[in-house]
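Written below as C-alpha coordinates is the structure these notes are about.
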Amino acid sequence: MKIKTLSRDSRQYQRKTKHDIHPMQSNVDPNLHPLEAAREYKRAVNAVKMERMFAKPFVAGLDGHRDGVHCLAPHPKRLGVVFSGACDGELRAWNLAKQECIFARTLHRGFIRGIALTPLADKVITVGADKTIKVTKLAAERGHEDEEEAPLSIIGQNFFNDVSHHRFEDKFVTCGPTVELWSQLRSEPLRDLTWGVDTCNCVRFNPVETNVVATTADDRSITLYDIRASSPMRKVVLEMRSNRLCWNPMEAMNFTVANEDHNLYTFDMRKLKHALNVHKDHVSAVMDVSYSPTGQEFVSASYDCTLRIFSVRQGHSREIYHTQRMQRVYCTQWSGDNRYILSGSDETNVRLWKSTAWEHIGTKSSRQKANLQYQEKLKERFKHHPEVRRIQRQRHLPKAIKSAKNLKHIVEQSEKRKEDNRRAHSKKGSVPFKAERSKHVVAEEQ
(Lines give C-alpha, C1' and ligand atoms only; values in the text may rest on other atoms or scores of the structure.)
Protein backbone atom coordinates (compact mmCIF):
# COMPACT_ATOMS: atom_id res chain seq x y z
CA MET A 1 0.00 0.00 0.00
CA LYS A 2 1.32 3.45 -0.94
CA ILE A 3 0.98 6.30 1.63
CA LYS A 4 1.50 9.94 0.69
CA THR A 5 2.86 12.27 3.40
CA LEU A 6 3.65 15.98 3.62
CA SER A 7 7.29 16.77 4.03
CA ARG A 8 9.47 19.90 4.02
CA ASP A 9 13.04 20.88 4.61
CA SER A 10 13.65 21.90 8.24
CA ARG A 11 16.05 24.65 7.10
CA GLN A 12 13.09 26.56 5.69
CA TYR A 13 11.34 27.01 9.04
CA GLN A 14 14.04 26.81 11.70
CA ARG A 15 15.27 29.99 13.38
CA LYS A 16 18.79 31.05 12.63
CA THR A 17 20.08 30.77 16.20
CA LYS A 18 22.69 28.57 17.76
CA HIS A 19 19.97 26.42 19.35
CA ASP A 20 17.81 26.05 16.20
CA ILE A 21 14.56 26.73 18.03
CA HIS A 22 11.49 25.59 16.12
CA PRO A 23 8.97 28.42 15.67
CA MET A 24 5.42 28.00 16.90
CA GLN A 25 2.90 28.12 14.09
CA SER A 26 -0.18 30.19 15.00
CA ASN A 27 -3.40 31.35 13.42
CA VAL A 28 -3.91 35.12 13.74
CA ASP A 29 -7.70 34.94 13.41
CA PRO A 30 -9.07 37.17 16.23
CA ASN A 31 -11.97 34.78 16.79
CA LEU A 32 -9.48 32.17 17.97
CA HIS A 33 -7.84 34.57 20.45
CA PRO A 34 -10.54 36.08 22.68
CA LEU A 35 -7.99 36.99 25.39
CA GLU A 36 -5.59 38.82 23.09
CA ALA A 37 -6.43 42.30 24.49
CA ALA A 38 -5.91 41.12 28.06
CA ARG A 39 -2.56 39.54 27.20
CA GLU A 40 -1.34 42.67 25.41
CA TYR A 41 -2.50 44.90 28.27
CA LYS A 42 -0.45 42.82 30.70
CA ARG A 43 2.54 43.06 28.38
CA ALA A 44 2.08 46.85 28.20
CA VAL A 45 2.07 47.11 32.01
CA ASN A 46 5.23 45.01 32.17
CA ALA A 47 6.81 47.14 29.45
CA VAL A 48 6.26 50.44 31.32
CA LYS A 49 7.50 48.82 34.54
CA MET A 50 10.68 47.73 32.77
CA GLU A 51 10.98 51.21 31.30
CA ARG A 52 10.98 52.76 34.78
CA MET A 53 13.34 50.07 36.05
CA PHE A 54 15.98 50.79 33.39
CA ALA A 55 15.55 54.60 33.43
CA LYS A 56 19.13 55.62 34.22
CA PRO A 57 19.83 58.69 32.07
CA PHE A 58 23.17 59.81 33.50
CA VAL A 59 26.12 58.72 31.34
CA ALA A 60 29.23 60.59 32.48
CA GLY A 61 30.55 63.71 34.16
CA LEU A 62 33.33 65.68 32.48
CA ASP A 63 35.56 67.28 35.12
CA GLY A 64 38.25 69.84 34.40
CA HIS A 65 36.86 73.35 34.69
CA ARG A 66 37.84 75.38 37.73
CA ASP A 67 34.76 77.61 37.68
CA GLY A 68 31.09 77.34 36.74
CA VAL A 69 30.26 76.37 33.14
CA HIS A 70 28.32 79.22 31.53
CA CYS A 71 27.89 78.21 27.85
CA LEU A 72 28.09 75.21 25.52
CA ALA A 73 28.44 74.91 21.74
CA PRO A 74 28.49 71.74 19.58
CA HIS A 75 30.98 71.13 16.80
CA PRO A 76 29.09 71.49 13.46
CA LYS A 77 31.11 68.75 11.73
CA ARG A 78 31.89 66.23 14.48
CA LEU A 79 29.15 64.78 16.67
CA GLY A 80 31.56 63.74 19.40
CA VAL A 81 33.10 67.18 20.04
CA VAL A 82 31.61 69.96 22.16
CA PHE A 83 33.00 73.28 23.41
CA SER A 84 32.38 74.68 26.89
CA GLY A 85 33.12 78.13 28.30
CA ALA A 86 33.59 78.81 32.00
CA CYS A 87 33.17 81.83 34.23
CA ASP A 88 36.96 82.19 34.62
CA GLY A 89 37.48 82.75 30.87
CA GLU A 90 38.64 79.21 30.04
CA LEU A 91 37.56 77.49 26.83
CA ARG A 92 37.64 73.70 26.66
CA ALA A 93 36.88 71.16 23.95
CA TRP A 94 35.69 67.69 24.92
CA ASN A 95 35.80 64.36 23.12
CA LEU A 96 32.56 62.74 24.24
CA ALA A 97 33.44 59.27 22.98
CA LYS A 98 36.60 59.12 25.08
CA GLN A 99 35.22 61.46 27.77
CA GLU A 100 38.38 63.52 27.84
CA CYS A 101 39.42 67.13 27.28
CA ILE A 102 41.05 67.82 23.91
CA PHE A 103 42.40 71.24 24.81
CA ALA A 104 42.02 74.00 27.39
CA ARG A 105 43.01 77.64 27.00
CA THR A 106 42.19 80.78 28.96
CA LEU A 107 40.99 83.37 26.42
CA HIS A 108 39.15 86.05 28.43
CA ARG A 109 39.39 87.90 31.68
CA GLY A 110 36.14 87.01 33.37
CA PHE A 111 33.11 85.24 31.97
CA ILE A 112 32.94 83.62 28.55
CA ARG A 113 29.45 84.76 27.59
CA GLY A 114 29.04 83.03 24.24
CA ILE A 115 30.62 80.53 21.84
CA ALA A 116 30.01 80.18 18.09
CA LEU A 117 31.72 78.13 15.39
CA THR A 118 32.11 79.05 11.74
CA PRO A 119 30.26 77.02 9.05
CA LEU A 120 33.46 75.26 7.99
CA ALA A 121 34.31 74.54 11.64
CA ASP A 122 37.80 75.96 11.17
CA LYS A 123 37.42 78.75 13.75
CA VAL A 124 35.71 79.21 17.10
CA ILE A 125 34.50 82.67 18.15
CA THR A 126 34.13 83.56 21.83
CA VAL A 127 32.93 86.75 23.49
CA GLY A 128 33.27 87.86 27.08
CA ALA A 129 32.70 90.58 29.62
CA ASP A 130 36.18 92.02 28.91
CA LYS A 131 34.93 93.74 25.70
CA THR A 132 36.89 91.43 23.41
CA ILE A 133 36.03 88.96 20.64
CA LYS A 134 38.51 86.10 20.33
CA VAL A 135 38.74 84.18 17.02
CA THR A 136 40.68 80.94 17.55
CA LYS A 137 41.75 78.86 14.57
CA LEU A 138 41.14 75.11 14.78
CA ALA A 139 43.33 72.42 13.31
CA ALA A 140 41.22 70.69 10.65
CA GLU A 141 42.98 67.35 10.81
CA ARG A 142 42.57 66.99 14.57
CA GLY A 143 39.40 68.98 15.17
CA HIS A 144 40.85 70.92 18.08
CA GLU A 145 42.92 74.00 18.75
CA ASP A 146 46.09 74.76 16.86
CA GLU A 147 48.42 75.62 19.72
CA GLU A 148 51.02 77.22 17.44
CA GLU A 149 48.80 80.15 16.46
CA ALA A 150 47.53 82.69 18.98
CA PRO A 151 43.85 83.69 18.78
CA LEU A 152 42.86 86.90 16.99
CA SER A 153 41.47 89.61 19.29
CA ILE A 154 38.84 92.19 18.30
CA ILE A 155 38.23 94.91 20.87
CA GLY A 156 34.71 96.31 21.00
CA GLN A 157 33.22 99.46 22.47
CA ASN A 158 31.05 97.59 24.99
CA PHE A 159 30.92 94.26 26.74
CA PHE A 160 29.34 91.27 24.96
CA ASN A 161 26.70 88.89 26.29
CA ASP A 162 26.31 86.44 23.40
CA VAL A 163 27.38 85.62 19.85
CA SER A 164 25.78 83.71 16.97
CA HIS A 165 27.23 82.88 13.56
CA HIS A 166 25.49 82.84 10.18
CA ARG A 167 24.93 79.32 8.91
CA PHE A 168 26.56 79.86 5.48
CA GLU A 169 28.25 83.27 5.28
CA ASP A 170 31.23 84.69 7.18
CA LYS A 171 29.03 86.98 9.30
CA PHE A 172 28.27 86.83 12.99
CA VAL A 173 26.21 88.94 15.34
CA THR A 174 26.95 89.94 18.94
CA CYS A 175 24.73 91.42 21.61
CA GLY A 176 25.23 93.54 24.70
CA PRO A 177 24.22 97.18 25.14
CA THR A 178 23.94 97.11 21.33
CA VAL A 179 23.31 94.42 18.71
CA GLU A 180 26.07 94.48 16.11
CA LEU A 181 26.66 92.64 12.85
CA TRP A 182 30.29 91.68 12.20
CA SER A 183 32.40 90.17 9.45
CA GLN A 184 35.43 87.99 10.03
CA LEU A 185 37.38 90.15 7.60
CA ARG A 186 36.85 93.43 9.46
CA SER A 187 37.68 94.69 12.94
CA GLU A 188 34.71 97.09 12.99
CA PRO A 189 31.01 96.10 13.02
CA LEU A 190 29.17 96.26 9.70
CA ARG A 191 25.90 97.47 11.17
CA ASP A 192 24.19 98.39 14.42
CA LEU A 193 20.84 96.60 14.71
CA THR A 194 19.66 98.05 18.04
CA TRP A 195 16.00 99.10 18.28
CA GLY A 196 15.56 101.12 21.47
CA VAL A 197 15.91 98.22 23.90
CA ASP A 198 17.87 97.64 27.07
CA THR A 199 20.94 95.39 27.32
CA CYS A 200 20.45 92.22 25.25
CA ASN A 201 21.39 88.91 26.85
CA CYS A 202 20.86 86.45 23.96
CA VAL A 203 21.07 86.53 20.17
CA ARG A 204 20.37 83.73 17.69
CA PHE A 205 20.45 83.36 13.90
CA ASN A 206 17.55 81.39 12.45
CA PRO A 207 19.01 78.10 11.09
CA VAL A 208 16.44 77.96 8.25
CA GLU A 209 15.64 81.59 7.42
CA THR A 210 19.30 82.46 7.79
CA ASN A 211 18.88 86.25 7.55
CA VAL A 212 16.54 86.50 10.54
CA VAL A 213 17.99 87.25 13.97
CA ALA A 214 16.17 87.14 17.32
CA THR A 215 17.30 88.74 20.58
CA THR A 216 16.09 88.85 24.18
CA ALA A 217 16.73 91.89 26.36
CA ASP A 218 16.65 92.92 30.00
CA ASP A 219 13.59 95.13 29.40
CA ARG A 220 11.56 91.89 28.92
CA SER A 221 11.43 92.30 25.14
CA ILE A 222 11.99 89.82 22.31
CA THR A 223 13.09 91.54 19.09
CA LEU A 224 13.32 90.19 15.54
CA TYR A 225 15.74 91.62 12.98
CA ASP A 226 16.46 91.04 9.29
CA ILE A 227 20.12 91.72 8.47
CA ARG A 228 19.13 92.64 4.88
CA ALA A 229 16.78 95.45 6.01
CA SER A 230 17.63 98.82 7.47
CA SER A 231 15.09 98.59 10.31
CA PRO A 232 13.99 95.83 12.73
CA MET A 233 10.97 93.64 12.00
CA ARG A 234 8.93 93.46 15.23
CA LYS A 235 9.12 93.27 18.99
CA VAL A 236 7.05 91.71 21.76
CA VAL A 237 7.22 92.48 25.49
CA LEU A 238 6.45 89.83 28.12
CA GLU A 239 5.66 90.18 31.81
CA MET A 240 9.13 89.03 32.87
CA ARG A 241 12.57 88.80 31.30
CA SER A 242 13.55 86.00 28.93
CA ASN A 243 17.03 84.55 29.52
CA ARG A 244 17.58 82.45 26.38
CA LEU A 245 16.04 81.79 23.00
CA CYS A 246 16.24 78.86 20.59
CA TRP A 247 14.79 78.42 17.09
CA ASN A 248 13.02 75.25 16.04
CA PRO A 249 15.32 73.63 13.43
CA MET A 250 12.39 72.07 11.55
CA GLU A 251 9.85 74.91 11.72
CA ALA A 252 11.49 78.12 10.55
CA MET A 253 8.89 80.45 12.05
CA ASN A 254 8.76 79.02 15.60
CA PHE A 255 11.05 79.68 18.56
CA THR A 256 11.01 79.02 22.31
CA VAL A 257 12.19 81.37 25.06
CA ALA A 258 13.27 80.50 28.61
CA ASN A 259 11.68 82.96 31.02
CA GLU A 260 12.28 84.19 34.55
CA ASP A 261 8.70 83.30 35.60
CA HIS A 262 9.63 79.56 35.63
CA ASN A 263 7.93 78.94 32.25
CA LEU A 264 8.93 78.51 28.62
CA TYR A 265 6.97 80.09 25.78
CA THR A 266 6.81 78.89 22.18
CA PHE A 267 5.99 81.66 19.68
CA ASP A 268 5.27 81.93 15.99
CA MET A 269 7.22 84.95 14.78
CA ARG A 270 4.31 85.87 12.47
CA LYS A 271 1.80 86.07 15.37
CA LEU A 272 3.35 87.42 18.54
CA LYS A 273 0.12 88.51 20.25
CA HIS A 274 -0.12 85.12 21.94
CA ALA A 275 2.12 82.13 22.50
CA LEU A 276 1.60 78.85 20.69
CA ASN A 277 2.18 76.99 23.95
CA VAL A 278 3.16 77.61 27.58
CA HIS A 279 5.45 74.96 29.05
CA LYS A 280 5.29 74.66 32.83
CA ASP A 281 6.88 72.50 35.54
CA HIS A 282 10.04 74.34 36.63
CA VAL A 283 9.99 75.93 40.07
CA SER A 284 12.69 78.53 39.44
CA ALA A 285 14.01 80.72 36.61
CA VAL A 286 14.73 78.90 33.33
CA MET A 287 18.27 79.70 32.19
CA ASP A 288 18.66 77.95 28.82
CA VAL A 289 16.80 75.97 26.17
CA SER A 290 17.96 73.76 23.28
CA TYR A 291 15.97 71.96 20.56
CA SER A 292 16.46 68.41 19.41
CA PRO A 293 17.49 67.95 15.74
CA THR A 294 14.02 66.57 14.97
CA GLY A 295 12.30 69.73 16.22
CA GLN A 296 9.78 67.66 18.19
CA GLU A 297 11.27 68.17 21.66
CA PHE A 298 13.50 70.57 23.56
CA VAL A 299 15.45 70.48 26.82
CA SER A 300 15.49 73.29 29.38
CA ALA A 301 18.01 74.11 32.11
CA SER A 302 16.83 75.82 35.26
CA TYR A 303 18.04 77.58 38.38
CA ASP A 304 16.25 74.86 40.38
CA CYS A 305 19.15 72.45 39.60
CA THR A 306 17.21 70.28 37.13
CA LEU A 307 16.87 69.57 33.41
CA ARG A 308 13.45 68.96 31.87
CA ILE A 309 12.52 67.57 28.47
CA PHE A 310 9.35 68.96 26.85
CA SER A 311 7.41 68.02 23.77
CA VAL A 312 6.67 71.01 21.55
CA ARG A 313 2.95 70.23 21.64
CA GLN A 314 2.70 69.52 25.38
CA GLY A 315 2.54 71.95 28.29
CA HIS A 316 4.23 69.69 30.83
CA SER A 317 7.56 67.91 30.75
CA ARG A 318 7.90 64.23 29.95
CA GLU A 319 11.21 63.83 31.82
CA ILE A 320 13.21 65.44 34.63
CA TYR A 321 16.96 64.90 35.16
CA HIS A 322 18.78 65.71 38.37
CA THR A 323 21.61 64.48 40.55
CA GLN A 324 22.45 65.02 44.18
CA ARG A 325 25.59 67.06 43.42
CA MET A 326 24.32 69.10 40.47
CA GLN A 327 23.81 72.75 41.33
CA ARG A 328 22.24 75.57 39.31
CA VAL A 329 22.25 74.65 35.61
CA TYR A 330 23.23 77.53 33.33
CA CYS A 331 23.41 75.90 29.90
CA THR A 332 22.29 72.83 28.01
CA GLN A 333 22.75 71.42 24.51
CA TRP A 334 21.09 68.60 22.54
CA SER A 335 23.53 66.50 20.52
CA GLY A 336 23.33 66.31 16.74
CA ASP A 337 22.47 62.58 16.68
CA ASN A 338 19.40 63.11 18.91
CA ARG A 339 20.63 60.59 21.48
CA TYR A 340 22.41 62.66 24.13
CA ILE A 341 22.01 65.87 26.13
CA LEU A 342 24.78 67.98 27.65
CA SER A 343 24.47 70.29 30.63
CA GLY A 344 26.82 72.78 32.28
CA SER A 345 26.25 73.78 35.88
CA ASP A 346 27.56 75.97 38.63
CA GLU A 347 29.76 73.34 40.28
CA THR A 348 32.22 73.27 37.31
CA ASN A 349 30.89 70.05 35.80
CA VAL A 350 29.77 69.19 32.26
CA ARG A 351 27.37 66.25 32.35
CA LEU A 352 26.34 63.86 29.60
CA TRP A 353 22.80 62.41 29.65
CA LYS A 354 20.74 60.08 27.48
CA SER A 355 17.84 61.80 25.72
CA THR A 356 15.74 58.66 26.29
CA ALA A 357 16.35 57.61 29.88
CA TRP A 358 15.63 53.89 29.40
CA GLU A 359 17.42 53.48 26.06
CA HIS A 360 20.04 50.73 25.89
CA ILE A 361 23.45 51.99 24.77
CA GLY A 362 25.27 49.61 22.46
CA THR A 363 24.53 47.29 19.58
CA LYS A 364 21.27 45.32 19.55
CA SER A 365 20.38 42.12 17.78
CA SER A 366 17.47 41.99 15.37
CA ARG A 367 15.34 40.16 17.94
CA GLN A 368 16.05 42.85 20.55
CA LYS A 369 15.11 45.60 18.11
CA ALA A 370 11.87 43.81 17.19
CA ASN A 371 11.01 43.32 20.86
CA LEU A 372 11.66 46.99 21.67
CA GLN A 373 9.51 48.11 18.76
CA TYR A 374 6.72 45.79 19.91
CA GLN A 375 6.92 47.21 23.45
CA GLU A 376 6.77 50.77 22.16
CA LYS A 377 3.66 49.95 20.15
CA LEU A 378 2.05 48.39 23.23
CA LYS A 379 2.81 51.46 25.34
CA GLU A 380 1.40 53.69 22.63
CA ARG A 381 -1.78 51.59 22.40
CA PHE A 382 -2.47 51.50 26.16
CA LYS A 383 -1.00 54.89 27.15
CA HIS A 384 -4.41 56.28 28.18
CA HIS A 385 -5.18 53.38 30.52
CA PRO A 386 -5.04 54.62 34.15
CA GLU A 387 -2.56 52.04 35.39
CA VAL A 388 -0.20 52.40 32.43
CA ARG A 389 -0.41 56.20 32.58
CA ARG A 390 0.27 56.23 36.32
CA ILE A 391 3.41 54.10 36.01
CA GLN A 392 4.66 55.97 32.94
CA ARG A 393 4.27 59.41 34.55
CA GLN A 394 5.86 58.48 37.87
CA ARG A 395 9.06 60.46 38.53
CA HIS A 396 11.17 60.86 41.61
CA LEU A 397 11.60 64.50 42.66
CA PRO A 398 13.97 65.94 45.25
CA LYS A 399 12.20 67.01 48.41
CA ALA A 400 12.89 70.73 47.90
CA ILE A 401 11.53 70.71 44.34
CA LYS A 402 8.46 68.70 45.30
CA SER A 403 7.66 71.10 48.15
CA ALA A 404 8.15 74.13 45.88
CA LYS A 405 5.96 72.54 43.21
CA ASN A 406 3.12 71.92 45.68
CA LEU A 407 3.37 75.47 47.02
CA LYS A 408 3.38 76.90 43.50
CA HIS A 409 0.27 74.86 42.64
CA ILE A 410 -1.55 76.26 45.70
CA VAL A 411 -0.63 79.83 44.72
CA GLU A 412 -1.77 79.36 41.11
CA GLN A 413 -5.09 77.85 42.16
CA SER A 414 -5.64 80.69 44.62
CA GLU A 415 -5.01 83.33 41.94
CA LYS A 416 -7.33 81.56 39.53
CA ARG A 417 -10.06 81.32 42.15
CA LYS A 418 -9.75 85.04 42.98
CA GLU A 419 -10.01 85.97 39.31
CA ASP A 420 -13.09 83.78 38.84
CA ASN A 421 -14.75 85.32 41.91
CA ARG A 422 -13.92 88.85 40.74
CA ARG A 423 -15.41 88.10 37.31
CA ALA A 424 -18.54 86.52 38.83
CA HIS A 425 -19.23 89.50 41.14
CA SER A 426 -18.39 92.32 38.71
CA LYS A 427 -20.25 94.01 35.92
CA LYS A 428 -20.45 91.86 32.82
CA GLY A 429 -17.43 92.50 30.60
CA SER A 430 -15.49 94.55 33.16
CA VAL A 431 -13.19 91.60 33.99
CA PRO A 432 -12.69 89.84 30.64
CA PHE A 433 -11.31 86.33 30.46
CA LYS A 434 -7.77 86.12 29.13
CA ALA A 435 -6.25 82.86 27.96
CA GLU A 436 -3.07 81.53 29.54
CA ARG A 437 -1.22 81.77 26.23
CA SER A 438 -1.92 85.48 25.78
CA LYS A 439 -2.05 86.97 29.29
CA HIS A 440 1.77 86.93 29.64
CA VAL A 441 2.19 89.13 26.53
CA VAL A 442 2.19 92.81 27.51
CA ALA A 443 2.65 94.56 24.16
CA GLU A 444 3.64 94.07 20.54
CA GLU A 445 5.38 96.58 18.26
CA GLN A 446 5.99 96.52 14.53
Side-chain angles (χ1 to χ4, degrees), residues 197-198 214-224 232-248 251 253-287 289 291 295-298 300 302-304 308-318 320 383-384 386 389 393 397 401-446:
V197 297
D198 204 345
T215 64
T216 61
D218 289 343
D219 60 357
R220 304 169 293 143
S221 66
I222 303 169
T223 312
L224 300 176
M233 296 168 58
R234 51 177 40 184
K235 178 171 67 174
V236 61
V237 180
L238 304 183
E239 286 185 337
M240 296 190 72
R241 187 186 74 172
S242 298
N243 292 316
R244 287 288 168 177
L245 178 145
C246 187
W247 292 96
N248 191 325
E251 298 175 357
M253 68 293 297
N254 295 344
F255 62 89
T256 299
V257 292
N259 204 273
E260 284 280 338
D261 63 356
H262 312 174
N263 299 334
L264 296 105
Y265 300 94
T266 299
F267 284 95
D268 187 332
M269 69 176 182
R270 303 167 298 181
K271 303 175 183 178
L272 295 177
K273 291 184 178 180
H274 62 85
L276 293 178
N277 210 339
V278 181
H279 310 276
K280 299 183 175 182
D281 270 345
H282 282 294
V283 296
S284 189
V286 189
M287 305 304 295
V289 58
Y291 264 94
Q296 300 298 316
E297 294 180 327
F298 60 85
S300 61
S302 175
Y303 212 69
D304 60 9
R308 287 187 181 266
I309 301 177
F310 292 86
S311 173
V312 177
R313 313 300 178 195
Q314 301 295 326
H316 294 277
S317 62
R318 72 161 176 87
I320 175 172
K383 65 180 181 180
H384 297 296
R389 185 171 67 245
R393 293 178 59 184
L397 296 177
I401 295 178
K402 186 173 179 61
S403 300
K405 182 179 179 180
N406 294 337
L407 179 61
K408 184 179 177 181
H409 179 72
I410 294 173
V411 172
E412 289 178 348
Q413 292 300 314
S414 176
E415 292 177 352
K416 184 177 182 300
R417 188 165 55 250
K418 287 180 182 179
E419 184 180 353
D420 292 342
N421 291 338
R422 193 180 299 113
R423 185 180 299 107
H425 296 86
S426 300
K427 184 179 178 181
K428 186 176 181 180
S430 60
V431 185
F433 174 79
K434 204 167 185 180
E436 181 73 17
R437 299 185 180 186
S438 58
K439 69 180 182 180
H440 298 282
V441 178
V442 177
E444 182 188 8
E445 301 179 19
Q446 295 185 5

- Message: Tell me whether D219 contacts the main-chain N or O of D198 through its side chain, where contact means a donor paired with an acceptor under 3.5 Å.
- Response: yes

- So, the side chain of R423 versus the backbone of V431: is there a donor-acceptor pair under 3.5 Å, distance only? yes

Write down the atom of [X], the atom of [Y], and the distance for their closest heavy-atom approach.
| X | Y | value |
| --- | --- | --- |
| F310 | G315 | CE2-O, 4.2 Å |
| S284 | S302 | O-OG, 3.4 Å |
| S430 | P432 | O-CD, 3.4 Å |
| S438 | K434 | O-CE, 3.6 Å |

- Message: I'd like to check E412 versus K416 (side-chain heavy atoms, cut-off strictly below 4.5 Å). Are they in contact?
- Response: no

- Side chains of K280 and E436: does their closest heavy-atom pair fall under 4.5 Å? yes

Nearest 0.5 Å, please: how far is [atom2] in [Y] from [atom1] in [X]?
| X | Y | atom1 | atom2 | result |
| --- | --- | --- | --- | --- |
| L224 | M269 | CG | CE | 7.0 Å |
| E297 | S317 | CD | OG | 11.0 Å |
| H282 | M287 | NE2 | CE | 11.5 Å |
| D268 | H274 | CG | NE2 | 8.5 Å |
| T256 | H279 | OG1 | NE2 | 5.0 Å |
| R437 | N277 | CZ | CG | 4.5 Å |

- Quick one: which of L276, L272, N254 gives a side-chain contact (heavy atoms from CB on, under 4.5 Å) with F267? L272

- Item | Given V289, L238, T216, V286, the one that forms side-chain contact (heavy atoms from CB on, under 4.5 Å) with N259 | L238

- Query: Do K408 and H262 pass the side chain to side chain contact (heavy atoms under 4.5 Å, CB included) test, and can you show the C-alpha distance, the side-chain angles, and the key distance before you say yes or no?
  - Reply: CA-CA 10 Å; K408 184 179 177 181; H262 312 174; 3.3 Å; yes

- Message: Angle between ring planes, W247 versus F255, binned at 30° and 60°: parallel, tilted or perpendicular?
- Response: perpendicular

- Message: Below 30° counts as parallel, above 60° as perpendicular, anything between as tilted: where do the rings of Y265 and H440 land?
- Response: tilted

- Item | E444: which of K271, R234, R270 passes salt bridge (charged side-chain N to carboxylate O under 4.0 Å, His left out) | R234

- Item | Atom CZ of R389 with >12 non-hydrogen neighbours under 6.0 angstrom | yes

- Test log, rule salt bridge (Lys or Arg N to Asp or Glu O under 4.0 Å), inputs R241 and E260: CA-CA 6 Å; R241 187 186 74 172; E260 284 280 338; 3.2 Å; yes

